[in-house]
Amino acid sequence: MFNKILIANRGEIACRVAATARRMGVKTVAVYSEADAHAKHVAVCDEAVLIGPAPAKESYLRADKIIEVALATGAQAIHPGYGFLSENSEFAHACAKAGIAFIGPPASAIEAMGSKSAAKSLMEKARVPLVPGYHGENQDADFLQNEADRIGYPVLLKASAGGGGKGMRVIEHSKDFKEALASCKREAINSFGDDKVLAEKYLQRPRHIEIQVFADTHGNCVYLFERDCSVQRRHQKVLEEAPAPGMTAERRAAMGEAAVAAAKAVGYVGAGTVEFIANQDGSFYFMEMNTRLQVEHPVTEMITGTDLVEWQLRVAAGEKLPLQQSELKIHGHAIEARVYAENPEKGFLPSIGTLRHNRTPAAVNFELGGGREPAAFRIDSGVREGDSISPFYDPMIAKMIVWGQDRKEALARMAQALTQYQIVGLSSNIGFLSRLILSRAFSTAELDTGLIERNQAELFPPAAAAGLHTLALAGVALLSSEQADGSDPWQSGQGWRMNSQMQRALQFAEEHQTHQLQVTYLADGWQIKAGGAQAHVRLAATTQHDLVLQIAGQTVSGTVVRDGEHFHVFSQGQHTDLHYNDALAHAGEAEAEGGRLTAPMPGKIVAVLVGKAQEVKKGDALLIMEAMKMEHTISAPHAGVIEEVLYAVGDQVTEGAQLLAFQQG
């Protein structure tokens with residue numbers, strides 16, 4: 001076994017490989033870009049070396065630099081993870097030339113399967129079923145259109161060197177072929193540097209089923225059963241599960257044996273995935289082979305009780321496969337959900353930002369049959385709270401994997417886990433995943449690659465307005481944060497007033513609706529009115545972001561995370577983003593008359609952000625006051641010039657005091 005390996009990747013897969021290596025007593029070397037200097041994968045490895053700027057082509061795709069680091073640190077092998085250089089045959093060749101083991105298949109196998117067209121020709125010779133189509137070298141547009149007409153529409157055009165849904169077009173009619181071909185080729189050349197395409201029959205309501213294969217250098221090759229990866233958006237996977245629902249033992253054996261035949265046809269070694277497109281009637285066809293570990297490998301590990309990264313290390317070190325085909329069994333059901341920084345309601349656009357709050361469900365271990373089973377819940381992630389999702393790399397935040405005795409139990413565990421996952425700081429697909437898991441089509445296993453598009457109404461319902469319980473949680477979080485520890489009763493968060501009850505108006509806004517809260521302070525809480533509902537609200541318990549309220553005698557719990565003026569409320573499996581419209585924060589604008597900017601209430605100046613004679617734009621922050629334990633920003637009401645700053649940091653000011661002399665531009 002190796003003493004030290006280099007992990008030529010980042011994010012969750014680098015952390016995943018490092019975890020197995022540590023358990024096996026193998027030291028690890030991380031490589032990182034300037035953008036990843038403080039990344040989790042850097043922290044979890046034994047050593048870490050900077051290899052270049054943020055863009056991948058200047059860092060994680062620098063094969064020469066990575067090999068140089070491996071030699072300098074004494075790493076005996078390189079694990080490429082997935083993506084980046086994992087399926088680059090030139091990198092595999094370079095590792096061998098440098099005397100470093102490549103923890104992956106031989107370069108010849110990568111080359112054989114790297115071209116979809118060449119791979120399909122090879123599979124045809126190995127008698128692996130193929131979708132009717134054209135996979136040859138002739139790229140003349142008229143010839144390809146004739147082939148598409150022969151195959152029959154709808155036809156799928158695919159970039160021969162492609163992956164990840166890029167360079168793919170579904171063509172419904174012959175008249176649309178030329179335009180779609182040109183578009184497909186442009187995307188292919190931009191994404192892969194190769195504009196060759198193949199054409200094949202587009203199957204109606206197909207399922208995407210893949211077989212995990214593993215081979216060693218001693219002639220052994222096994223399949224570790226199947227994964228159903230049918231649920232996709234933009235040809236990219238969202239949910240994966242194992243085993244595939246509805247799979248018969250006969251069909252499983254046929255697909256497994258076809259996958260092993262495909263692997264043997266190219267002299268495969270290590271972990272690989274043979275992907276099939278399957279009809280609803282059970283017929284299946286070879287699609288492609290991924291010559292690496294897949295993102296969704298954990299579901300296979302869950303149902304087989306294996307560690308596929310350990311198998312990779314052992315096979316790369318020359319050992320035999322740990323198990324033979326007859327020793328592999330399926331136990332239970334596993335589902336993986338990919339948590340992305342993206343906005344499903346806006347076409348799944350990626351989101352960038354900082355994970356200001358990142359609370360994940362806790363893994364739950366359980367005993368079964370007298371032995372320790374995998375965790376009922378597992379999370380693989382390459383980020384921590386405080387980390388940033390940058391525009392340079394894939395926006396995946398984490399993978400959540402659950403195991404159950406059967407699919408029903410796995411679905412229930414996944415649904416529960418998703419309600420416990422909280423993210424603040426950027427958009428995520430957690431709410432969408434929750435709806436998807438509970439949707440009729442997925443829960444009843446009516447699976448195909450068009451599931452999301454076909455169920456838009458159920459998966460993207462109109463947003464429901466926040467109710468009294470949600471608004472009360474946000475309101476109490478705000479009110480309780482204003483509790484003062486001084487002796488001034490006028491600033492007390494309890495709302496003390498002489499001979500009267502204090503009343504206050506709060507305003508929270510959602511994307512399409514504004515809510516007015518009328519709050520009356522009581523001795524033991526508040527009377528809160530919102531819309532047509534009102535209730536007596538009492539704070540029963542609070543711990544950091546977590547609140548327990550008594551609302552009209554009913555116990556309501558939730559988590560409220562404040563991010564600037566946004567109050568993120570997590571309760572009953574829902575996440576509601578409420579923007580607090582702080583009248584005090586903008587009072588300076590209303591008070592700006594005749595070049596005066598005044599203090600909205602008594603307080604202390606904590607920051608002065610402008611100087612004399614400085615030009616400012618409307619909305620620019622001018623200074624920050626602290627009052628009632630809260631900071632309030634005084635902003636420029638118009639474009640103009642600062643004539644004079646009348647107070648310094650630390651000064652106490654009275655309500656109505658002029659803070660700056662301001663000349664409107």
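Just so you know, these numbers come straight off a predicted model, no measurement behind them.
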Donor-acceptor side-chain pairing of T20 and D307 below 3.5 angstrom: yes
Which donor-acceptor pairs under 3.5 Å do the side chains of residues 92-110 make with protein atoms, sequence neighbours left out?
unit_1, atom_1, unit_2, atom_2, d
H93, NE2, E111, OE2, 3.2

Mind checking ring pair (Phe, Tyr, Trp, His ring centres under 6.0 Å) for H545 and listing every partner two or more places apart, or none if nothing turns up? H357
To the nearest 0.5 angstrom, please state how far the CG atom of L451 sits from the CG atom of L239. 9.0 Å
Check for a donor-acceptor pair, side chain of S160 on one end and backbone N or O of V197 on the other, with a separation under 3.5 Å. no
Residues in salt bridge (charged side-chain N to carboxylate O under 4.0 Å, His left out) with R314, at least two apart? E310, E319
Check: T304/T306 side-chain N/O donor and acceptor closer than 3.5 Å: yes
Does any donor atom in the side chain of Y393 or S33 lie under 3.5 Å from an acceptor atom in the other side chain? yes
Between Q294 and E275, do the side chains contain a donor N or O and an acceptor N or O under 3.5 Å apart? yes
Any side-chain heavy atom of P129 sitting closer than 4.5 Å to one from F284? yes
For the residue pair T291 / E87, report whether a side-chain donor-acceptor contact shorter than 3.5 Å exists. yes
Under a 3.5 Å cutoff, is there a donor and acceptor pairing between the side chains of S388 and T354? yes
So do L321 and F214 actually touch side chain to side chain, heavy atoms under 4.5 Å? yes
